[in-house]
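Because the structure is a prediction, the values reported are computed rather than measured. Heavy atoms only: backbone and side chains are in, while hydrogens, waters and symmetry mates are out.
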Amino acid sequence: MNPSALILATILVPVGASEPPEAVTEIPDWNHDVASLVAARCTGCHRPDGAGPFSLASPGDLASRASFVLGLVESGRMPPSLVEGEGWRHDRRLSASEVSVLRRWFAAGSPVDREDPDASPVAAGRGAVEASSEDWVTRRVAGAFAIPAESDPAWHAGEIDQRGNAIPLDNGEAWRVREVRIQTGAPQAMRVASMVFDPTGAGRYLDDRDPRVGFLMAGDAGLVPSGAHGVILGGQDRLRWPEGFHQPVPPGSDLVVEWHYRPTGIEETMRPSVQLDLLDDVEAADSRPLRWLPIGVGRVQVAAESVVTVESAVVTLDDPVDLVGVTPRALEIATDVELLAWDPGQDPGSPGRTVVAFRDWDHHQRETVISTTPRRLAAGTRLQARFRLDNRTANPSNPDSPAVDIRRGRRTGILAMFLHVAAIDPESDGRLAEVGTALIRDLRGRAGER
């Protein structure tokens with residue numbers, strides 16, 4: 001290796017970096033080091049026609065924004081990732097060594113290929129996409145709706161910048177869904193798709209009574225909260241359950257989707273569609289159904305200019321389950337969301353262990369996160385969710401400036417952690433399938449809603 005290159009690479013190692021000097025003696029290039037990193041961390045959103053405001057799919061795209069990109073990744077603001085804790089698939093934060101690769105690549109002049117200066121750059125792509133079956137079905141919203149250039153005034157105390165749709169699935173038999181993908185036609189505006197598979201017609205009732213395309217209410221389907229069957233983050237545009245698990249869909253269901261968007265300054269048209277990857281009978285033989293388990297709070301009161309911590313009631317598991325994923329729900333003013341667990345026999349007064357946490361909460365970046373390995377929770381495990389709410393004017397995420405007193409409630413929970421769990425055996429699955437709605441009824445009772 002060129003001695004001057006060795007000296008340069010060594011000088012550019014950041015102070016306090018944990019990697020040994022020999023790991024960074026070679027200047028990184030696009031083709032061998034950077035393209036794969038960008039594909040894994042960036043081009044899910046930052047690609048042509050993607051959700052990001054610009055593309056980073058080529059070396060020129062990335063190099064032209066060197067200082068801007070470095071500032072964002074070093075501060076942890078990008079890539080967007082709320083989840084913290086070991087073993088969660090959606091932790092997209094760059095490691096210290098990955099940030100070092102970018103820093104050294106920029107400092108070296110952003111070379112394409114250190115071995116062949118004349119080589120063409122490889123495409124960053126979108127990152128690895130898991131293999132899927134051929135059993136896909138596509139369903140589309142009947143019509144299109146406009147996303148306004150700026151936020152509409154809220155006509156009630158609740159979320160704005162949202163639209164719901166009940167999409168008929170026309171499934172004459174039960175389906176077992178392994179993956180959901182979405183397309184909206186407005187990728188830079190659409191932020192979150194919150195989903196419920198609804199066999200009751202509750203979502204369709206909301207859709208039918210609104211003369212426009214979709215409806216402006218929350219996408220809850222009766223006692224089933226929006227997001228109970230998963231939330232997809234815009235830019236990622238898909239939710240895939242791990243092998244061995246699926247989302248059961250009863251015959252005659254609608255997919256009720258609560259779309260959340262951020263106005264972009266120009267009016268845009270949204271024409272949503274969904275694609276569902278279904279398991280066949282052979283595949284389903286080795287797959288377990290996922291059930292939703294809400295750990296939530298029905299009502300909150302937060303005085304202006306105050307910071308409070310709100311705790312859910314403790315939920316105790318009657319049967320062992322495998323925890324596969326978690327979907328958080330919180331207000332804009334939340335700054336920290338955490339799920340705690342106490343093992344059977346553990347002193348209730350002792351600190352619970354953190355199962356998953358969402359720090360530096362961003363209401364527009366929420367999604368279902370999947371555990372890299374299912375986590376067994378024994379019968380008798382106690383679960384509680386905690387939410388830190390910052391209702392100060394100084395909180396940049398507070399939609400009210402100056403801050404106002406907040407008194408908010410939702411019949412399916414204003415703050416919640418939805419656990420996606422699988423029973424260990426068919427007998428306990430029958431019981432588990434009823435727990436979610438029972439907890440929502442109990443939540444409504446504690447909130448004074450009968």
Side-chain angles (χ1 to χ4, degrees), residues 28-83 88-113 120-130 147 161 181-193 231-240 259-266 268 270 272 358 360 362-370:
D29 66 23
W30 174 266
N31 286 353
H32 293 91
D33 310 291
V34 179
S36 58
L37 172 59
V38 171
R41 297 288 194 269
C42 306
T43 52
C45 293
H46 291 279
R47 65 184 191 277
D49 301 320
F54 47 80
S55 174
L56 296 176
S58 75
D61 291 337
L62 185 59
S64 67
R65 294 179 168 85
S67 60
F68 179 65
V69 169
L70 271 181
L72 290 175
V73 299
E74 289 178 336
S75 67
R77 294 173 60 194
M78 283 288 165
S81 182
L82 297 181
V83 66
W88 295 98
R89 185 192 299 175
H90 297 71
D91 187 347
R92 303 184 186 90
R93 295 169 297 172
L94 272 66
S95 66
S97 61
E98 289 171 329
V99 174
S100 175
V101 167
L102 288 179
R103 186 186 295 110
R104 291 181 289 118
W105 182 68
F106 290 138
S110 307
V112 169
D113 195 310
S120 298
V122 299
R126 191 178 175 178
V129 177
E130 296 180 70
I147 296 176
D161 298 339
R181 296 185 183 180
I182 60 171
Q183 292 183 340
T184 64
Q188 293 190 8
M190 205 292 291
R191 305 310 307 153
V192 169
V231 168
I232 296 176
L233 178 63
Q236 305 309 309
D237 301 338
R238 60 170 60 87
L239 171 59
R240 182 178 178 84
W259 309 98
H260 291 250
Y261 54 84
R262 271 182 170 171
T264 61
I266 60 173
E268 299 195 48
M270 203 160 145
F358 300 86
D360 195 19
D362 185 340
H363 176 71
H364 295 285
Q365 295 289 348
R366 66 194 187 279
E367 63 183 318
T368 297
V369 298
I370 307 296

Please tell me if the side chains of V101 and V34 come closer than 4.5 Å, counting only heavy atoms from C-beta onward.
-> yes
Please name all residues satisfying ring-ring contact (aromatic ring centres under 6.0 Å, His included) with F68, sequence neighbours left out, ordered by chain then number.
-> none
Do any N or O atoms from the side chain of T184 and from the backbone of M190 form a donor-acceptor pair under 3.5 angstrom?
-> no
So how far is it from T368 OG1 to L233 CG, rounded to the nearest 0.5 Å?
-> 10.0 Å
Kindly write out the residues that satisfy side-chain hydrogen bond (donor to acceptor under 3.5 Å, both in side chains) with T264, not counting sequence neighbours, or none if the list is empty.
-> E268
Where is the tightest heavy-atom contact between G235 and C45, given as atom of each residue plus distance?
-> CA-SG, 3.5 Å
In Å, rounded to the nearest 0.5 Å, how long is the span from CG of L56 to CZ of R65?
-> 6.5 Å
Side chain R366, main chain H363, donor-acceptor under 3.5 Å | yes
Rounded to the nearest 0.5 Å, how far does NE2 of H364 lie from OH of Y261?
-> 11.0 Å
Interatomic distance, I182 atom CD1 to Q236 atom CD [nearest 0.5 angstrom] | 10.0 Å
So do D113 and H32 actually touch side chain to side chain, heavy atoms under 4.5 Å?
-> yes
How far does CE of M270 sit from CD of Q183, to the nearest 0.5 angstrom?
-> 12.0 Å
Check P263 against I147 and note the closest heavy-atom contact, atom names and distance.
-> CA-CG2, 4.5 Å
Minimal non-hydrogen separation, P48 against A57, with atom names | CD-CB, 4.3 Å
How are the rings of W30 and W105 set relative to one another: parallel (under 30°), tilted (30 to 60°) or perpendicular (over 60°)?
-> tilted
Taking the side chain from H46 and the backbone from F54, do they hold a donor-acceptor pair closer than 3.5 Å?
-> yes
What one should report as the nearest heavy-atom pair of S120 and V112 is C-CG1, 4.1 Å
S100 side chain to A96 main-chain N or O, any donor-acceptor pair under 3.5 Å?
-> no
Sequence neighbours excluded, which residues qualify as side-chain hydrogen bond (donor to acceptor under 3.5 Å, both in side chains) partners of D61?
-> S55, S58
L94 side, atom CG; M78 side, atom CE - distance, nearest 0.5 Å | 12.0 Å
Counting N and O atoms only, with roles assigned by atom type, does the side chain of N31 sit under 3.5 Å from a partner on the main chain of V122, one being a donor and the other an acceptor?
-> yes
Could you go step by step and tell me if V192 and V231 meet the side-chain contact (heavy atoms from CB on, under 4.5 Å) rule?
-> CA-CA 7 Å; V192 169; V231 168; 3.4 Å; yes
Are the side chain of E98 and the backbone N or O of S95 linked by a donor-acceptor pair below 3.5 Å?
-> yes
For residues 29-38, the salt bridge (charged side-chain N to carboxylate O under 4.0 Å, His left out) pairs (sequence neighbours left out) are D29-R114, D33-R114
Listed partners of R191 passing side-chain hydrogen bond (donor to acceptor under 3.5 Å, both in side chains), at least two apart | none
For residues 67-76, which residue pairs qualify under side chain to side chain donor-acceptor pair (under 3.5 Å), counting only residues two or more places apart or in two chains?
-> E74-R103
Could you go through the side-chain contact (heavy atoms from CB on, under 4.5 Å) check for I370 and W88 one step at a time?
-> CA-CA 6 Å; I370 307 296; W88 295 98; 5.9 Å; no
